[in-house]
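Written out below as structure tokens is the structure these notes cover.
Throughout, protein chains are lettered first and strands after them, A, B, ... in sequence-line order, and every chain is numbered starting at 1.
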Number of protein chains: 2
Amino acid sequence: MPGTDGNWFEILHKSGCRLTAPRRAVVEALVDSLHALTPVDVFDAARKDCPGLGLVSVYRTLEKLEELGLVQRVHLTRGCQGFVRAANGHQHLLICTNCGKAVLFEGDKLEPLFNIVSKNTGFQIDSHWLQVFGLCNACRSDS
Amino acid sequence: MPGTDGNWFEILHKSGCRLTAPRRAVVEALVDSLHALTPVDVFDAARKDCPGLGLVSVYRTLEKLEELGLVQRVHLTRGCQGFVRAANGHQHLLICTNCGKAVLFEGDKLEPLFNIVSKNTGFQIDSHWLQVFGLCNACRSDS
DNA sequence: GTAACTGCAAACGCTTTGCACCAAG
DNA sequence: CTTGGTGCAAAGCGTTTGCAGTTAC
């Protein structure tokens, strides 16, 4: 859903943050991207808008965005340095293992499974976390 | 499933690894544990069996065990430094957010969901990854 | 004017690498 | 004897922190 960046600025503003050029650039980089981005990826992208930007500001803005639930981490086999726009409600991440494209999909259907698991294990289940890996349309055609 | 450590040694041996004291200690620490362990956790536990053990050997053994599919990473919100015994087949991880207890459960039921997602997104789905968080029986009673 | 934000440099912590020695097979 | 494994120390790298100057509001 493009065009939601106005909301992000509004949310940031409402939580007492100032809308500086470096922060704007970082936000734009993440809102515009359909891929999971590492801090350095964000840095590189945002530097085009704001050449003086420092990596530190990227980290600090990412932290704030994660705190506000606007951005979430992507966990890959080799680490969890990726960030994408956060899912709303019961959405989950689908990631292309070739190009890194990230898509959200609905996954409400898990509750029945959790009820069974809860009964069998005695756990009180609070949250879950599903990531699916595969090849996107474009990358399938290439191979 | 306790008592599977014999298999691990056999598998290691068959893939050309030598069964040294440090390696044995690291393997024992992981086989015995029902919790996700960080490299340092493993280090501490394994040092009881093998006092001269170095952290480096823990890293190197973990790498080998992951390579052989005997151990898998646990991804938590703040990082992915945890290791537990790997799941067999279609099992998934259930983790207690209080004590770190890790339990495996069957989760075959996801295929229908993936078929729908695949149809909707054009992705070819290769693998998935489900982790569930909650409180285990013991930790529920405590609170 | 005030408090939040900035970039820089230094500090930090976890992980990896180089190396000489050791031990399993 | 060969080759893989070991511990140590140092290097590496991504992230965090301290700080003085800057800027949104």
Side-chain angles (χ1 to χ4, degrees), chain A residues 8-30 36-68 70-83, chain B residues 8-30 36-68 70-83:
Chain A
W8 288 31
F9 289 130
E10 205 178 309
I11 293 168
L12 279 165
H13 187 88
K14 276 183 185 160
S15 40
C17 294
R18 292 179 183 171
L19 303 180
T20 64
R23 189 157 283 176
R24 275 170 193 282
V26 169
V27 168
E28 297 287 1
L30 282 157
L37 300 177
T38 64
V40 174
D41 291 338
V42 174
F43 179 62
D44 291 339
R47 272 205 154 216
K48 284 165 194 158
D49 282 357
C50 178
L53 177 69
L55 225 203
V56 184
S57 295
V58 174
Y59 278 101
R60 287 194 272 229
T61 301
L62 281 173
E63 192 185 356
K64 190 132 272 166
L65 293 174
E66 198 182 8
E67 217 176 282
L68 293 173
L70 294 171
V71 129
Q72 71 182 159
R73 275 169 204 272
V74 176
H75 293 246
L76 302 168
T77 352
R78 291 309 286 170
C80 17
Q81 16 12 19
F83 288 86
Chain B
W8 287 32
F9 289 131
E10 204 178 308
I11 292 168
L12 279 165
H13 187 88
K14 277 184 183 158
S15 39
C17 294
R18 292 178 184 173
L19 303 181
T20 63
R23 191 158 282 176
R24 274 171 194 282
V26 169
V27 168
E28 297 289 1
L30 283 158
L37 301 176
T38 64
V40 173
D41 291 338
V42 174
F43 180 63
D44 291 338
R47 271 204 155 218
K48 285 167 194 157
D49 282 356
C50 177
L53 177 70
L55 225 202
V56 185
S57 294
V58 174
Y59 279 101
R60 288 193 272 229
T61 301
L62 281 172
E63 193 186 355
K64 191 131 274 167
L65 292 174
E66 198 182 8
E67 217 176 284
L68 294 172
L70 295 172
V71 129
Q72 71 182 158
R73 273 169 205 272
V74 176
H75 294 247
L76 303 167
T77 352
R78 291 308 285 170
C80 17
Q81 18 8 21
F83 288 87

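We find that A/Glu28 and A/Arg24 are not joined by a salt bridge, their nearest charged nitrogen and carboxylate oxygen being 4.0 Å or further apart.
When rounded to the nearest whole Å, the span between NZ of A/Lys14 and P of D/dA24 equals 22 Å. Counting to the nearest Å, the P atom of C/dC14 and the CG atom of B/Asp41 are 11 Å from each other. Distance, A/Lys64 NZ to C/dA3 C1': 12 Å, rounded to whole Å. One atom, CG of A/Leu62, and another, P of D/dG14, lie 15 Å apart when rounded to the nearest Å. Rounded to whole Å, the distance from CG on B/Leu55 to C1' on D/dG7 is 11 Å. Look at CG on B/Leu65: it is 12 Å from P on D/dG5, rounded to the nearest Å. In this structure, CZ of A/Arg24 is placed 15 Å from P of D/dT23, rounded to the nearest angstrom. Rounded to an integer number of Å, the gap from A/Glu10 CD to D/dC25 C1' is 17 Å.
The stretch residues 50-66 of chain A participates, sequence neighbours left out, in these salt bridge (charged side-chain N to carboxylate O under 4.0 Å, His left out) pairs: A/Glu66-A/Arg73. Screening residues 45-55 of chain A for side-chain hydrogen bond (donor to acceptor under 3.5 Å, both in side chains), with sequence neighbours left out, gives no hits.
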Show the distances under 3.5 angstrom between N or O atoms of the protein and N or O atoms of nucleotides 17-21 of chain D.
none

Sort me out a list of protein N/O and nucleotides 20-25 of chain C N/O pairs below 3.5 Å, or just none if empty.
from	atom 1	to	atom 2	distance (Å)
C/dA24	N3	B/Arg18	NH1	3.1

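With sequence neighbours excluded, the residues forming a side chain to side chain contact (heavy atoms under 4.5 Å, CB included) with B/Ala45 are B/Ala29, listed by chain and number. Qualifying side chain to side chain donor-acceptor pair (under 3.5 Å) partners for A/Thr38, counting only residues two or more places apart in sequence or in other chains: A/Asp41.
Remark: of the listed residues B/Leu62, B/Val42, B/Val58, B/Leu65, B/Leu62 is the sole one forming a side-chain contact (heavy atoms from CB on, under 4.5 Å) with B/Phe83.
Checking side-chain atoms of B/Thr61 against main-chain N and O of B/Ser57 turns up a donor-acceptor pair under 3.5 Å.
Closest-nucleotide positions on DNA chain D for A/Gln81 and B/Leu53 were compared, and the one nearer the 5' end corresponds to B/Leu53. Along DNA chain C, the nucleotide nearest A/Arg47 and the nucleotide nearest B/Val40 are compared for position; the residue whose nucleotide lies closer to the 5' end is A/Arg47.
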Please step through side-chain contact (heavy atoms from CB on, under 4.5 Å) for the pair B/Ser15 and B/Leu68, ending with a clear verdict.
-> CA-CA 9 Å; B/Ser15 39; B/Leu68 294 172; 3.7 Å; yes
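Put simply, the side chain of A/Thr20 reaches to within 4.5 Å of the side chain of A/Arg23, judged on heavy atoms.
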